Amino acid sequence: MVDIEQPKQKAAGVPAVLSSFKFGLRSMGPVRTGRTFLKMNQDRGFDCPSCAWPDPEHKHTAEFCENGAKAVAWEATRKRVPRAFFAENSVADIDRISEFDLGKLGRITEPMLLRAGATHYEPVGWDEAFQVVARHLKALVDPNDAVFYTSGRTSNEAAFLYQLFVRAYGTNNLPDCSNMCHESSGTALLRVIGSGKGAVTLEMLEESELIVVVGQNPGTNAPRMLTHLETAKRNGASIVAVNPLPEPGLMRFMNPQKPRGLVGKGTQLADQHLRIRIGGDQALFLALGHLLLEAEAANPGTVLDKSFVESHTSGFELYAKHNTELDWPAVEQATGLRRAEIEELAQRFIKSKATVVCWAMGLTQHREAVATITEIVNVLLLQGNIGKPGAGPCPVRGHSNVQGDRSMGIWEKMPDTFLDRLDHEFSFTSPRAHGIDAAETVKRLRDGDVRVFFAMGGNFASATPDTEVVHRGLRQCDLTVHVSTKLNRSHTITGREALILPTLGRTDHDHTAAGPQSVSVEDSQGAVHLSKGNLIPPAPELKSEIGIVCGLAQAVVPDVGQIPWADFADDYSLIRQRIGRVADGYENFEERLRDGDGGFLLAHAARDKREFKTSDARAQFTANELTWLPTEPGRLLLQTLRSHDQFNTTIYGLEDRYRGIHGTREVVFVHPDDLAELGLEDGGYVDIVSEFRGVERRASHFRLVSYPTARGCVAAYYPETNVLMSADDLAKGSNTPVAKGLTVRLEPVAS
Ligand SMILES: Nc1nc2c(c(=O)[nH]1)N[C@H]1C(S)=C(S)[C@@H](COP(=O)(O)OP(=O)(O)OC[C@H]3O[C@@H](n4cnc5c(=O)[nH]c(N)nc54)[C@H](O)[C@@H]3O)O[C@H]1N2
Ligand SMILES: Nc1nc2c(c(=O)[nH]1)N[C@H]1C(S)=C(S)[C@@H](COP(=O)(O)OP(=O)(O)OC[C@H]3O[C@@H](n4cnc5c(=O)[nH]c(N)nc54)[C@H](O)[C@@H]3O)O[C@H]1N2
Ligand SMILES: [Mo]
């Protein structure tokens with residue numbers, strides 16, 4: 001039943017614990033629920049397949065959260081999609097099932113093939129499945145007509161072999177979910193601090209005096225982060241939320257890991273909330289930098305870390321000159337904030353000796369995301385807030401191993417230094433021409449220029465912009481292949497031929513001819529550790545992602561280089577030995593895992609030694625022009641975001657408890673004054689119409705929800721709103737599809 005109520009004032013607590021167990025019991029039953037939840041994020045257990053937030057040394061008890069528990073229960077379900085399902089339902093029938101209901105069908109257990117001209121998938125043996133892929137790939141004159149996508153759950157070992165296979169085949173077409181996620185962070189940070197990775201560890205975060213959480217909803221998307229924010233708070237930190245929405249997780253938190261967090265009022269987390277207008281962050285940080293410079297000029301030697309600026313940075317003079325004048329009216333318009341609010345935040349920066357800025361999709365999925373992130377780094381550099389306890393830039397990654405996949409070479413433009421080592425290690429020559437990213441793949445699909453589309457996990461058909469265009473493009477492929485744990489939309493939008501290759505998940509026990517195997521992952525803060533599933537797999541013949549890649553490689557590129565695919569399939573430590581000789585920072589991988597009792601922290605020059613691997617070995621100040629998103633009357637800025645009951649395109653349920661939404665996802669959150677101004681009413685229905693470069697795109701029939709969002713800003717859930725995005729609307733420099741800050745209008749329709 002649809003029910004809309006007031007948004008919650010606080011997050012987690014008893015409802016979160018109950019919700020985890022309810023979902024667990026429903027999917028797994030009592031024994032499996034206990035067995036699974038107790039092994040999560042534990043020493044010698046499996047890594048939670050949900051978000052990339054780190055675990056404190058992997059030694060604590062029950063470090064799990066409601067949404068991690070849902071991710072696990074979703075994967076560890078007892079349900080299986082039976083053979084009969086595919087015999088009874090044509091692909092067109094399955095395509096009519098919603099993403100939510102597809103996920104509920106259960107785990108897939110055997111390879112399924114859709115033959116050319118057929119209407120139904122049919123079971124097929126592994127060898128035949130590999131031969132189908134080989135037949136298509138070998139027939140291509142140009143390997144670049146094939147595309148190999150990766151989602152961020154793939155383990156280090158599987159990712160490493162997968163990119164090796166793709167490069168041995170002859171292309172760098174390795175787009176990944178990161179292209180749509182933190183690519184802007186990587187691009188910006190690499191440019192200004194010489195590493196694309198965040199420069200803050202868990203311990204550093206807890207020592208911070210000021211933590212600014214910008215464009216991120218940790219209460220839903222990285223719930224375990226709240227525990228660490230709470231600790232930092234107890235250590236004296238102030239916490240500031242910069243967000244168009246008053247996200248309950250940030251406002252008040254009841255720690256479900258602690259008895260006193262289950263009852264009572266919880267911890268007040270945010271000391272200040274700046275209800276920023278969508279796309280106003282660059283203006284905000286420009287203003288903060290301006291205020292810091294002004295305060296330093298008024299009281300020299302009290303605000304900036306002059307010695308850090310002089311010895312470790314370049315570009316300060318230019319930046320300071322550029323930022324002496326500030327157009328306050330423009331800043332207020334851009335941010336929707338009052339000058340006094342910005343000045344209050346500036347005072348917090350001035351007072352703090354150690355500041356961390358965290359961010360996620362609210363910053364990265366904007367046209368000017370790269371400039372915005374470099375603007376944040378400007379402010380951090382002014383006070384020397386990098387490479388010391390309690391300080392630094394902290395992008396919070398999404399998928400549990402998205403950062404590790406990059407370290408392993410999943411990137412369409414991996415540097416030659418990596419490729420040289422790869423070639424040397426395996427005695428072949430990998431291509432040097434850059435491949436295509438996710439946005440470019442969408443464009444190639446649109447132009448009918450992709451022949452084979454292969455996906456290692458994920459749900460490309462739903463996660464990408466311009467849904468109709470992507471679907472049309474996928475249907476024009478000769479072959480589409482998906483390595484997956486469960487059914488999703490990407491399996492029903494098929495090429496002329498299509499394969500579904502089922503695989504083991506993180507929670508499944510992986511036993512090869514050489515015995516039980518573990519894989520490894522790298523979290524958001526650069527900690528690497530082993531992960532080992534403990535549940536009996538859904539079917540005995542199910543292969544791991546590693547087994548699948550090795551099988552494919554033996555069918556497609558058996559003679560390229562010297563690559564012992566069969567040995568790799570049996571013994572994953574052999575893969576780690578090779579990773580240790582190829583991947584940056586992973587030297588002596590296997591030994592360090594052993595010595596570190598299953599985990600270790602990767603080095604990060606800027607974080608550990610204030611060394612910056614930029615062209616002049618200094619961190620870079622950048623002078624950016626003020627950018628923001630003006631709108632015409634009657635137009636609003638739309639952000640597409642996650643509910644509390646989904647993992648990306650996987651829908652766990654129709655509840656967005658913290659925001660007061662029950663039983664539906666087709667809602668659009670609008671400020672009450674905007675509703676009044678537009679002559680719309682809470683509870684009424686509208687079509688959302690986007691207008692990019694004069695082209696209209698429509699998402700039909702959304703219920704209006706009056707909500708305390710920033711003025712002029714509306715929000716609706718992803719992926720239902722991906723139909724509104726354009727494949728040409730991309731972040732400058734990173735090519736990330738713009739998913740926040742779309743110009744839209746709301747057209748009333750009959751309910
Ligand atoms: N349970 C669960 N966990 C997840 C995921 C999931 O779907 N479910 N997804 C995983 C993945 S892949 C990722 S990338 C992360 C995503 O984690 P988040 O980035 O937290 O995800 P979103 O829901 O996109 O939330 C964007 C936040 O930014 C705010 N925002 C939007 N526009 C702006 C803006 O212009 N300025 C500012 N300052 N704020 C803005 C929104 O109000 C919202 O709070 O979570 C990961 N973890
Ligand atoms: N409008 C809009 N679009 C967005 C975003 C947004 O905020 N707004 N966010 C973007 C972001 S941040 C991201 S990361 C992308 C996500 O894009 P993807 O990573 O492509 O999408 P997911 O929904 O995470 O993929 C889920 C599927 O992965 C498969 N899967 C799950 N576990 C495993 C496993 O262990 N192995 C394998 N092989 N498969 C598995 C399951 O079949 C499941 O259906 O979407 C992007 N798209
Ligand atoms: Mo993501």
Side-chain angles (χ1 to χ4, degrees), residues 49-53 65-68 70-71 74-75 99 102-103 108 149-155 158 176-182 213-223 241-245 247 249-250 274 276-281 284 359-366 372 396-400 402 438 455-465 482-491 501-508 545 548 629 637 639-650 652 709-710 713 715 717-722 724-725 736-742:
S50 194
C51 73
W53 188 257
C65 74
E66 175 188 5
N67 280 341
K70 284 187 207 161
W74 182 84
E75 178 178 300
E99 198 88 69
L102 280 178
I108 37 182
Y149 176 68
T150 316
S151 171
R153 261 189 206 178
T154 301
S155 66
D176 67 350
C177 68
S178 194
N179 297 146
M180 302 185 272
C181 186
H182 267 291
V213 183
V214 193
Q216 192 202 349
N217 181 20
T220 287
N221 297 316
V242 180
N243 201 307
L245 301 175
E247 302 285 26
L250 271 175
L274 291 95
I276 196 162
R277 188 172 181 277
I278 291 175
D281 305 272
L284 172 67
W359 70 87
M361 298 304 102
L363 285 195
T364 63
Q365 297 176 329
H366 278 286
T372 303
V396 180
R397 307 273 158 182
H399 265 298
S400 51
V402 62
M456 179 56 79
N459 188 357
F460 194 84
S462 285
T464 41
H482 287 88
V483 179
S484 311
T485 51
K486 278 189 159 184
L487 286 181
N488 65 41
R489 185 61 60 230
S490 295
H491 306 123
L501 303 178
T503 189
L504 296 178
R506 223 28 101 62
T507 54
D508 297 317
E545 291 176 340
I548 293 174
L629 301 170
L637 293 174
Q639 60 151 321
T640 62
L641 81 181
R642 291 153 176 81
S643 82
H644 193 63
D645 221 4
Q646 72 183 84
F647 191 93
N648 297 341
T649 68
T650 297
Y652 301 134
T709 172
C713 299
Y717 301 130
Y718 137 70
E720 288 82 348
T721 43
N722 286 40
L724 297 169
M725 296 162 64
T736 294
V738 169
K740 316 280 197 266
L742 282 72

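Keep in mind that this is a model prediction, so the values were computed, not measured. Order of appearance sets the numbers: ligands from 1, and atoms from 1 within every ligand. Values below: every heavy atom of this structure, side chains too, minus hydrogens, waters and symmetry copies.
Distances shorter than 4.0 angstrom occur between a heavy atom of Lys740 and an atom of ligand 2. Using 4.0 Å as the threshold, Thr503 has a heavy atom nearer than that to some atom of ligand 2. Within the 4.0 Å heavy-atom shell around ligand 2 one finds His399. Put simply, no part of Gln365 is less than 4.0 Å from ligand 1, judged by heavy atoms. Distances from ligand 1 to the non-hydrogen atoms of Pro244 include at least one value under 4.0 Å.
Looking only at protein heavy atoms, the nearest one to atom 32 (N) of ligand 2 is Arg153 NH1, 3.0 Å. Atom 10 (C) of ligand 1 has as its closest protein heavy atom Phe647 CZ, 3.7 Å. Nearest non-hydrogen protein atom to atom 13 (C) of ligand 1 is Gly398 CA, 3.2 Å. Summary of contacts: the protein heavy atom closest to atom 42 (O) of ligand 2 is Lys486 O, 3.0 Å. For atom 15 (C) of ligand 2, the closest non-hydrogen atom on the protein side is Tyr718 OH, 3.6 Å. Residue, atom and distance of the protein heavy atom nearest to atom 1 (N) of ligand 2 are Asn722 OD1, 2.7 Å. The protein heavy-atom contact nearest to atom 2 (C) of ligand 1 is Asn221 OD1, 3.4 Å. For atom 8 (N) of ligand 2, the closest heavy atom belonging to the protein is Thr640 OG1, 2.9 Å. Among protein heavy atoms, the minimum distance from atom 20 (O) of ligand 1 is reached at Asn217 N, 2.8 Å. Looking only at heavy atoms of the protein, atom 7 (O) of ligand 1 is closest to Asn648 N, 2.7 Å. Protein heavy atom at the shortest distance from atom 41 (C) of ligand 1 is Gln639 OE1, 3.1 Å. Asn488 ND2, 2.7 Å is the protein heavy atom nearest to atom 44 (O) of ligand 2. In this structure, atom 36 (N) of ligand 2 lies nearest to the protein heavy atom Glu545 OE2, 2.7 Å. Nearest protein heavy-atom contact of atom 47 (N) of ligand 2 is Ala463 O, 2.7 Å. Nearest protein heavy-atom contact of atom 23 (O) of ligand 1 is Arg642 N, 2.9 Å.
The heavy atom nearest to atom 29 (C) of ligand 2, out of those in Gly458, Gly152, Ala461, is found in Gly458. For atom 34 (C) of ligand 1, the nearest non-hydrogen atom from the set Pro223, Ala241, Gly362 belongs to Gly362.
Looking at Asn488, its side chain never comes within 3.5 Å of a backbone N or O of Thr650 through a donor-acceptor pair. Proximity of a side-chain donor or acceptor of Ser155 to a complementary backbone N or O of Ala158 within less than 3.5 Å is detected. Here the side chain of Glu247 pairs no donor or acceptor atom with the backbone of Gln216 at under 3.5 angstrom. Side-chain atoms of Asp176 come within 3.5 Å of backbone atoms of Asn179 as a donor-acceptor pair (strictly under, hydrogens ignored). Listed for the Thr485 side chain is no donor-acceptor partner under 3.5 Å among the backbone atoms of Thr503. Side chain of Lys740 to main chain of Gln365: no donor-acceptor pair is present (N/O by atom type, distance under 3.5 Å, no hydrogens or angles). Between the side chain of Ser490 and the main chain of Ala461, a donor-acceptor pair closer than 3.5 Å is present. Side-chain atoms of Glu75 come within 3.5 Å of backbone N or O of Arg506 as a donor-acceptor pair. Proximity of a side-chain donor or acceptor of Thr640 to a complementary backbone N or O of Ala739 within less than 3.5 Å is detected.
Listed by atom number, the atoms of ligand 2 under 4.0 Å from Val483 heavy atoms are 37 (C), 38 (N), 39 (N). If you number the atoms of ligand 1 from 1 as listed, the ones under 4.0 Å from a heavy atom of Asn243 come out as 29 (C), 41 (C), 42 (O), 43 (C), 44 (O). Ligand 1 places these atoms under 4.0 Å from at least one heavy atom of Glu247: 42 (O), 43 (C), 44 (O). Close approach of ligand 1 to Gly279 is summarised as follows: ligand atoms under 4.0 Å from at least one heavy atom of the residue are 34 (C), 35 (O). Heavy-atom contacts of Val214 reach the following atoms of ligand 1: 38 (N) (cutoff under 4.0 Å). Within ligand 2, counting atoms from 1 as listed, the ones closer than 4.0 Å to a heavy atom of Thr649 are 22 (P), 23 (O). Interface atoms of ligand 1 facing Thr220, defined by a heavy-atom separation under 4.0 Å, are 1 (N), 2 (C), 3 (N). Near Leu641, meaning under 4.0 Å from any of its heavy atoms, are these atoms of ligand 1: 23 (O). Ligand 2 places these atoms under 4.0 Å from at least one heavy atom of Gly457: 37 (C), 38 (N), 39 (N). Of all the atoms in ligand 1, the ones that sit under 4.0 Å from a non-hydrogen atom of His366 are 34 (C), 35 (O). Every atom of ligand 2 with a heavy atom of Met180 under 4.0 Å away is listed here by number and element: 10 (C), 11 (C), 12 (S), 46 (C). For ligand 2, the atoms sitting less than 4.0 Å from at least one non-hydrogen atom of Ser151 are 18 (P), 19 (O), numbered in the order shown with element in parentheses. Per-residue contacts place Cys181 under 4.0 angstrom from the following atoms of ligand 1 (heavy atoms of the residue considered): 14 (S). Within ligand 2, counting atoms from 1 as listed, the ones closer than 4.0 Å to a heavy atom of Tyr149 are 17 (O), 18 (P), 19 (O), 20 (O).
For His644, no heavy-atom contact with ligand 1 is shorter than 4.0 Å. Contacts of Met361 with ligand 1, taken as heavy-atom pairs under 4.0 Å, involve both backbone and side chain. Contact annotation for Asn67 and ligand 1: only side-chain heavy atoms (C-beta onward) come within less than 4.0 Å of the ligand. Of the heavy atoms in Thr485, both backbone and side-chain atoms come closer than 4.0 Å to ligand 2. When heavy-atom distances to ligand 1 are checked against a 4.0 Å cut-off, Asp281 comes that close only through its side chain, counted from C-beta outward.
Taking the six-membered ring for Trp and the full ring otherwise, Phe647 and His399 have centroids separated by under 6.0 Å.
Nearest approach of Gly152 to Cys177, heavy atoms of both residues: N-SG, 3.3 Å. Closest approach of Asn221 and Cys51 over heavy atoms only: O-CB, 3.3 Å.
The side chain to side chain donor-acceptor pair (under 3.5 Å) with Asn459 is formed by just one residue from the set Glu99, Arg489, His482; it is Glu99. When the options Val242, Val214, Leu245, Asn243 are evaluated for a side-chain contact (heavy atoms from CB on, under 4.5 Å) with Ile276, the one that passes is Val242. For the side chain to side chain donor-acceptor pair (under 3.5 Å) with Arg642, the qualifying choice from Asn67, Thr220, Asn648 is Asn648, the only one to do so.
When only interatomic distances are considered, the shortest N/O to N/O separation between Thr464 and ligand 2 does not fall below 3.5 Å.
Note on ring orientation: taking the six-membered ring where Trp is involved, the planes of Tyr652 and Trp74 are perpendicular (angle over 60°, cut-offs 30° and 60°).
The closest side-chain donor-acceptor pair between His366 and Thr372, if any, does not fall under 3.5 angstrom. If you check the side chains of His182 and Thr364, you find no donor sitting under 3.5 Å from an acceptor.
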